[in-house]
Amino acid sequence: MGRLRQSHVIFHSEPGTYLSNHQFVHKIWSVPSVHICIHQCAADQRCTSINYVAPDGLCELNTNHRTFSKPEVHYDGEAGDNYMHYYLV
């Protein structure tokens, strides 16, 4: 787990996880770094979290964020090592 500060916003990361069924369909990109993905999320008021897949640089902006009680959040073993879910703190 870690934290990233972007544009005065703090994101917490959960390695090996992703949030499904909350992406903006028109907001999926291939970006060169997770920082760009986080910047895109911080710039959109609807965005509360991102899924980032390395090394492809797949960036998905989400309208929701993870909680351990939600079944749509997939964890270690299900998501794979390349997935990372970042959410606003």
Side-chain angles (χ1 to χ4, degrees):
M1 289 188 232
R3 288 180 181 226
L4 285 175
R5 182 181 295 269
Q6 182 74 30
S7 303
H8 305 292
V9 177
I10 297 175
F11 284 79
H12 183 76
S13 64
E14 291 286 338
T17 65
Y18 70 95
L19 179 67
S20 62
N21 302 317
H22 290 282
Q23 298 86 0
F24 306 162
V25 174
H26 63 287
K27 296 279 187 172
I28 299 173
W29 301 281
S30 178
V31 296
S33 77
V34 68
H35 299 287
I36 293 172
C37 189
I38 288 172
H39 178 73
Q40 293 295 326
C41 182
D44 192 318
Q45 65 184 2
R46 297 171 296 169
C47 185
T48 61
S49 71
I50 65 164
N51 295 324
Y52 185 76
V53 184
D56 302 330
L58 179 66
C59 172
E60 300 175 332
L61 304 186
N62 299 317
T63 58
N64 207 338
H65 61 283
R66 76 103 179 110
T67 62
F68 288 105
S69 63
K70 292 185 178 183
E72 63 270 19
V73 178
H74 301 274
Y75 299 101
D76 299 339
E78 295 178 53
D81 293 336
N82 291 336
Y83 284 85
M84 184 78 76
H85 180 230
Y86 291 84
Y87 58 94
L88 289 166
V89 177

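For the atom pair OG1 (T48) and CZ (F11), the distance works out to 8.5 Å, reported to the nearest 0.5 Å. Expressed to the nearest 0.5 Å, how far CG of N62 lies from SG of C41 amounts to 7.5 Å. Atom CD1 of I50 and atom CH2 of W29 lie 10.0 Å apart (nearest 0.5 Å). Separating the OG1 atom in T17 from the NE2 atom in H85 is a distance of 6.5 Å, to the nearest 0.5 Å.
Side-chain contact between V31 and Q40 is absent, with no heavy atoms from C-beta onward closer than 4.5 Å. Between L19 and S49, the closest side-chain pair of non-hydrogen atoms falls below 4.5 Å. Using a 4.5 Å cut-off on side-chain heavy atoms (C-beta onward), D56 and N82 make no contact.
Closest approach of Y86 to S13, counting heavy atoms only: CE2-CB, 3.3 Å. Shortest non-hydrogen contact noted between L61 and C47 is CB-SG, 3.8 Å.
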Let me see the working for L58 and Y52 under side chain to side chain contact (heavy atoms under 4.5 Å, CB included), right down to the final yes or no. CA-CA 6 Å; L58 179 66; Y52 185 76; over 6 Å; no
Checking ring-ring contact (aromatic ring centres under 6.0 Å, His included) for the pair H12/Y87: CA distance, chi angles, key distance, verdict? CA-CA 5 Å; H12 183 76; Y87 58 94; 5.3 Å; yes
